[in-house]
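Some notes on the structure that comes next.
Keep in mind that the numbers below use all heavy atoms, side chains included, and drop hydrogens, waters and symmetry copies. Model, not experiment: these values are computed from the prediction. Residue numbers begin at 1 in each chain, while the letters A, B, ... track the order of the sequences.
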Amino acid sequence: MLLICTALYAEARPLIDYYSLKKNTAITKFQVFQNGEIKLVITNTGSIAAAVAVSYLCTLYPPGASDFLINLGICGSGSKRNAVGSLFFINKITEEITNRSFYPDVLFRHPFKENNLITCNRIIRDTDFCMTEEQTDFNLFDMEASGIYQAASYFYQPHQVSFLKIVSDYGIKDNPTSGKITGLIEKNTKDVIEWLHILTNIKGGKIPEGEIFNPQEESYIKEMAKQLHCTASMEIQLKQLLHYYKLEHGGFKELLDELRSGKAMPCKSKPEGKRYLEQLKERCM
Amino acid sequence: MSSLKKDVCNPYFSHIYIEKDVLKHPVTKKILSLFPNAQSLVINHYKDIFCRKNQNFSLQKQTPGLILARKHDNLVYEGAPVCQNFGNQHFYYTSSVMNCIYDCEYCYLKGMYPSANIVIFVNLEEIFKEVKGILARHPVYLCVSYDTDLLALEQVLGYTKEWIRFTAEHRDLTIEIRTKSANKKVLDEVRPDKNVVFAWTLSPEKITVDFEKHTPAFEERLSCIQAAVKKGFQVRLCFDPLIYCRDWKEQYRNMFQRVFSCIRADEIKDVSLGVFRIPQDYLKRMRKQAPASAVLQFPYENDKGVYHYHKDLTEEMISFSYELVRKKLPMEKIFLWEKTKEEK
């Protein structure tokens, strides 16, 4: 699943159009658009609103190891070296109010320039541009990223969360129009979509828990544990043995059938089950 | 864990995180000059990166970042009980680097650290200072390459040479440099010293190929060991951990034959033997990260918080290996993992 977060509808529109996302009218707290594995939430502005939206969506649709969250939106720039309309991949987010920094893991290749970002809890106007000398390495600023990162970190690993920011201004004079915002996003949509396509084809590199055994094997193990009068700890041992055996031999049903042949099942007692487990252990080596 | 295609992941050290405090340190400058295309990010403390919650160690291992930091307090530790002390009373270790560029499936670092990023403590001079303080009290036997492989990182860091230089100035200090590297270059650049022990970990070729990703092949390591003994370096061979596989006897028999056909007993300082063993918390984490790893999913026995092969297999693996090594080496040159020794 790909979860895309934008603060404003104007930021989301090009992606809603491209992916033909449809509004999920069952969700009323936030505007959510979706199509299959892609979900887009409009969080509204501010890091708290953004954090709540992320938590809400992640609770409704808990992410797995191969899922990603993308925050796409406009940002201000403290430096005029960053042209309006240029897109940056964020590698460091600093929350202005606490001065805490967060670092999404940049493990996968991407075609964008990287930059760092400061999340403020107010609109930065050109008149109150007040970066201190120490802050000059913070080139970009927005109002959501730190909230999104902190909320997402309860559900995602640091490499599953990415922030793409497009420079819209150098401190706002007048609020930008929806048309201007959508235009800035549209200018970068092709590159973003190409990268999202690559990203969503990456497997998370982890076999989700519980997939070691298929449902049939799971029920076979449960039945076996019952017949052996396994305690909780014996059942863990049985599972570990069969896990190892499966990795070495591809399956374990034949092993259990072979060991079971000629034995009366279920076992009469726990000690008998224990002896059986020992035999199984020797056979697994 | 499924491996990702190389073109999907960033290259090694594509991101270098630098603590504010060490921005101007000469080691920082040297390392940054070696990676001109890396993204450099200033951080407050290495733990801001290294200790983030819920990191994916396996994925990070495929594309580790570099963290340059200053080590504070506890620069030198007393040796842990699961470590072989080789009969040395004052046995210490130090971690000037955390994590390793190799990717051994069974490596305890995967259970010990929350991140696969490599942390380099650039303030080696402060570690030297602390060692000097301990040396003022008694002689020191110090393992300098425990939670990393310094020789493998030598081209980037140069710490092996620094440690050898420091040891030459402090004759009560003996250092062990544990490695799987086949970096012969360093051997040409330093002089053999009786207080510097190069300790090569060796595993049969099959184990190396199956479980020791990115490490030099068995023959490459052996060739490097031969070069070291020829030059007169103190060499220790660590057949530790011994790793179980279905044909382990054949694998280890062949390996010992090959090793001792190339290296004479009098050319090496000693040998250590020990089966794979690991604290329970580490194994728990490692199993979660690598559900498809046979070496980690093996049904080990938990003995007071340390997992190892069950008693019979442990004894069989140790006795088998010991007998083969014993044919070539005197008893006093063979060190067994202490727990096993107690059991024997």
Crowded around B:K30 NZ? As in, over 12 foreign heavy atoms under 6.0 Å?
-> yes
In this structure, CG of B:L296 is separated from OH of A:Y244 (nearest 0.5 Å) by 11.5 Å
Do the charged groups of A:D105 and B:R52 touch, with an N to O distance under 4.0 Å?
-> yes
Taking all non-hydrogen atoms of both residues, which atom of A:L247 and which atom of B:P291 are closest, and how far apart?
-> CD1-O, 3.7 Å
Do you know the tightest heavy-atom contact between A:F108 and B:N10?
-> O-ND2, 3.3 Å
Contact part of A:F102 toward chain B, heavy-atom cut-off under 4.5 Å: side chain, backbone, both or neither?
-> neither
With sequence neighbours excluded, tell me which residues meet side-chain contact (heavy atoms from CB on, under 4.5 Å) with A:S162.
-> A:I70, A:F89, A:W195
Flag the one option from A:L107, A:L241, A:N91, A:V106 with the top tally of heavy-atom pairs under 4.5 Å to chain B.
-> A:L107
With a 4.5 angstrom heavy-atom cut-off, which part of B:Q55 approaches chain A: side chain, backbone, both or neither?
-> both
Is the charged tip of A:K92 near the ring of B:Y17: under 6.0 Å from the six-membered ring centre and within 45° of its axis?
-> no
Evaluate whether atom NZ of B:K53 has more than 12 neighbouring non-hydrogen atoms of other residues, nucleotides or ligands under 6.0 angstrom away.
-> yes
Should the heavy atoms of other residues, nucleotides or ligands under 6.0 Å from CD1 of A:I97 be counted, would the total exceed 12?
-> no
Contact leader toward chain B among A:Q160, A:Q237, A:K281, A:E114, where contacts are heavy-atom pairs under 4.5 Å = A:E114
Please report the closest heavy-atom contact between B:Q297 and A:Q240, naming both atoms and the distance.
-> O-NE2, 2.7 Å
List for me each residue that meets side-chain contact (heavy atoms from CB on, under 4.5 Å) alongside A:E235, sequence neighbours excluded, and say none if there are none.
-> A:K222, A:A225, A:C230
For each of B:T63, B:N54, B:N44, tally heavy-atom pairs with chain A at distances under 4.5 Å, and name the one with the top tally.
-> B:N54
A:N116 side, atom CG; B:Q39 side, atom CD - distance, nearest 0.5 Å | 10.0 Å
Hey, does B:R246 have a side-chain heavy atom less than 4.5 Å from the side chain of A:E248?
-> yes
Approximate separation, where rounding is to 0.5 Å, of B:F57 CZ and A:Q157 CD = 12.5 Å
So, B:Q60 versus A:H159: side-chain donor-acceptor pair below 3.5 Å or not?
-> no
Under 4.5 Å to a heavy atom of chain A? For B:Y300 that would be neither
